[in-house]
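Small disclaimer: the values here were computed from a predicted structure and weren't measured. Protein chains get the first letters and strands the later ones, always in sequence-line order, with residue 1 at the start of each.
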2 protein chains.
Amino acid sequence: MSTKTSGDWIAQFPGLMQLDEQVKAPLAESSRIVSLPVGTRIFGPGQAPSNYMLLLEGSVRVQQSSDTGREIVLYRVSAGETCALTTACLMGYEEYQAEAIAETNVSAVAVPRETFDSLIAKSPDFRRFVFAAFSERITNLLKVIEEVAFARIDIRLAQNLLRLAGDNRKAAVTHQQLASELGTAREVISRQLQEFQRRGWTASSRGAIEIMEREALEQLAKA
Amino acid sequence: MSTKTSGDWIAQFPGLMQLDEQVKAPLAESSRIVSLPVGTRIFGPGQAPSNYMLLLEGSVRVQQSSDTGREIVLYRVSAGETCALTTACLMGYEEYQAEAIAETNVSAVAVPRETFDSLIAKSPDFRRFVFAAFSERITNLLKVIEEVAFARIDIRLAQNLLRLAGDNRKAAVTHQQLASELGTAREVISRQLQEFQRRGWTASSRGAIEIMEREALEQLAKA
DNA sequence: CCGCTCTCGGTGACTAAGTCACATACCCCG
DNA sequence: CGGGGTATGTGACTTAGTCACCGAGAGCGG
């Protein structure tokens, strides 16, 4: 599913809006808007990305799996952002073990490598846009390393519950999904949640966690 | 300690050698060769890098510390390579929590940001060089995440012992240093090494580990 | 509405890893 | 050769992850 673009989408990216007209033009002209249904695997081992992707709508989860079946979420790409690994892959011509999966229905702009290359070469602003996004992801990866290596699981769970719930009282996730977020095992999550529940901080139902005492969780999360 | 360069060093970087003369010239002219004694902190929190660094000689360790005093080595930069985080910092104008430390006496070429920017803009080859290096580091970081999150400590220890020993029979490291490599605690390393020793795979002396049965370690390392 | 199946969550028993506190051993330097 | 600083050893305990299995809900076809 793809259509040629008019370039209207450029306005959705603050970093691109102020580009010169002669930069915007080829960008708009050569790129395509693609729609991807939820669950689509966007890239993964043996499936190298071949376009530079700008997300217009939806959310993409980038994760890594171990051979023992455990998984860990590295980061998410949401509307208005770009996928760093895709970028890295384009830049370095190298493949990654990680995989990217559409968490929702996604619409995105796909910029072909040639256009990407030539824009990088021609436009300092475009470069800045790409690099800044890139830089942000790396910071993020470093944070993931720090958390996996050094942080307690109860703290990380509290952080993730709050993040996944957002402003809602309930987070619609299974224990297994939480385990995959943190890169741990389902049983570990189940036991931690039991402890939270024992303290009256959360309530569990099949496929959802209700936050009863947000403050207590926030307290733990920043410990 | 810094001296203006003649540009001879460019020959040490295969990726730079085939650059056009009009690219090499400003590179050689505006950059400086710097010497850093072992232990120098090259960047860290509150100490942003301000130059693009190309390593001529020596080795730089990039690591992250936790508030509980544990540390983990993210990667090393050795002669002929560049530091990705430095690059990212230049590109994204963002700061990192990680710190870089000279493991040996180091000599490096420091390219000022302006020169770096202009070369990125002008030379596709230089871009390729920078991006390829960058890309490689990211692959590496992903591998670190996978190992910290999923791999057994005995396996990681075996891998690191072999790596640190190289072709030598002995690796001159303390248990604490090994612990910092892996992002774990010293006691954990001590106990694992005792187990290796019990099996006759290694022998320990103060500040050094001797490899007795390389094959057994290699076997474990790739398990 | 019943029963089947599939996913989700609960649990016990065990192993692996990390923490804390403290005891030794070793080495160098004066 | 003695003492201080660094390196390593160890026990007791907590936290995290693994394995094997159970039972409860939810959805669906008959």
Side-chain angles (χ1 to χ4, degrees), chain A residues 39 64-72 144-161 164 170-199 202-210 220 223, chain B residues 39 64-72 144-161 164 170-199 202-210 220 223:
Chain A
Q64 191 156 45
S65 324
S66 81
D67 38 3
T68 64
R70 268 163 65 192
E71 294 184 340
I72 185 167
V144 170
I145 291 180
E146 179 168 2
E147 292 197 333
V148 172
F150 304 131
R152 293 177 50 99
I153 209 94
D154 52 354
I155 293 172
R156 296 175 58 211
L157 178 56
Q159 290 168 346
N160 275 269
L161 272 178
L164 289 168
K170 278 199 175 184
V173 281
T174 67
H175 296 186
Q176 181 56 62
Q177 285 170 328
L178 284 166
S180 295
E181 291 284 331
L182 305 194
T184 183
R186 200 250 321 153
E187 297 92 313
V188 173
I189 298 295
S190 293
R191 285 177 183 135
Q192 291 295 338
L193 284 174
Q194 275 172 51
E195 178 59 18
F196 285 179
Q197 202 160 354
R198 197 189 61 72
R199 298 188 199 170
T202 62
S204 296
S205 51
R206 190 186 169 90
I209 318 286
E210 187 175 359
L220 179 62
Chain B
Q64 191 156 45
S65 325
S66 81
D67 38 3
T68 65
R70 269 163 64 193
E71 294 184 340
I72 184 167
V144 171
I145 291 181
E146 179 168 1
E147 292 195 336
V148 171
F150 304 132
R152 294 177 50 99
I153 210 98
D154 52 354
I155 293 173
R156 296 175 58 210
L157 178 56
Q159 290 167 347
N160 275 270
L161 272 178
L164 289 167
K170 278 199 176 186
V173 281
T174 67
H175 296 187
Q176 182 56 63
Q177 285 171 328
L178 284 166
S180 294
E181 290 284 332
L182 305 194
T184 183
R186 199 252 321 153
E187 297 93 312
V188 173
I189 298 295
S190 293
R191 287 180 181 133
Q192 291 295 337
L193 284 174
Q194 275 173 50
E195 177 60 19
F196 286 178
Q197 202 159 356
R198 198 189 59 73
R199 299 188 197 169
T202 62
S204 295
S205 51
R206 189 186 171 89
I209 318 287
E210 187 177 357
L220 179 61

Task: T202(B) to L193(B) - nearest heavy-atom pair and separation - done: OG1-O, 4.0 Å

Task: Proximity to the side chain of V188(A) - top-ranked nucleotide from dT8(D), dG17(D), dG9(C) - done: dG17(D)

Open item on the list: It should be established whether Q194(B) places a side-chain nitrogen or oxygen under 4.0 Å from OP1 or OP2 of nucleotide dT8(D).
Closed with: no

- [ ] Would you mind reading off the distance between I189(B) atom CD1 and dT8(D) atom C1', rounded to a whole angstrom?
- [x] 13 Å

TODO: Classify the nucleic acid contact of S204(B) as base, sugar-phosphate or nothing, counting any heavy atom under 4.0 Å across all strands shown.
DONE: nothing

Open item on the list: Please classify the nucleic acid contact of E195(A) as base, sugar-phosphate, or nothing, using heavy-atom distances under 4.0 Å.
Closed with: nothing

TODO: Please state how far atom CG in L220(A) lies from atom P in dT15(D), giving the value in whole angstrom units.
DONE: 13 Å

Open item on the list: Without decimals, in angstroms, what is the distance between L193(A) CG and dT15(D) C1'?
Closed with: 16 Å

TODO: Rounded to the nearest angstrom, tell me the gap between atom CZ in R152(B) and atom C1' in dG18(C).
DONE: 15 Å

TODO: Check whether the side chain of R191(B) and the base of dT19(C) form a donor-acceptor pair under 3.5 Å.
DONE: yes

Task: Distance, rounded to the nearest Å, where Q192(A) contributes CD and dT11(C) contributes P - done: 15 Å

Task: Side-chain donor/acceptor contact of R186(A) with base of dG17(D) under 3.5 Å - done: no

Task: Rounded distance [0.5 Å steps], CD in Q177(B) versus CG in L164(B) - done: 8.5 Å

- [ ] In plain terms, say whether R199(A) and E195(A) are close enough for a salt bridge, that is, a side-chain N and a carboxylate O under 4.0 Å apart.
- [x] yes

- [ ] With the side chain of R70(B) defined as its heavy atoms from C-beta on, choose the nearest nucleotide among dT19(C), dT8(D), dG9(D).
- [x] dT19(C)

Task: Within-4.5 Å side-chain heavy-atom neighbours: L161(B) and F196(B) - done: yes

TODO: Examine distances only and state if a side-chain atom of R70(B) and a backbone atom of A149(A) form a donor-acceptor pair shorter than 3.5 Å.
DONE: yes

Task: Residue whose closest nucleotide on DNA chain C lies nearer the 5' end, A149(A) versus I209(A) - done: I209(A)

Open item on the list: Can you work out whether D154(A) or R206(A) has the more 5'-proximal nearest nucleotide on DNA chain D?
Closed with: D154(A)

Task: Separation of atom CD in Q176(A) from atom C1' in dG10(C), rounded to whole Å - done: 14 Å

Open item on the list: Nearest whole Å is fine: how far is dG17(D) C1' from L182(A) CG?
Closed with: 13 Å

Task: Any N/O donor-acceptor pair, E187(A) side-chain to dC19(D) base, under 3.5 Å - done: yes

Task: Candidates dA16(D), dG9(D), dG18(C) - which lies nearest the side chain of H175(B) - done: dG9(D)

- [ ] Please determine if a side-chain N or O atom of T184(A) lies less than 4.0 Å away from the OP1 or OP2 oxygen of dG17(D).
- [x] yes

Task: Separation of dA16(C) P from I153(A) CD1 (nearest whole Å) - done: 19 Å

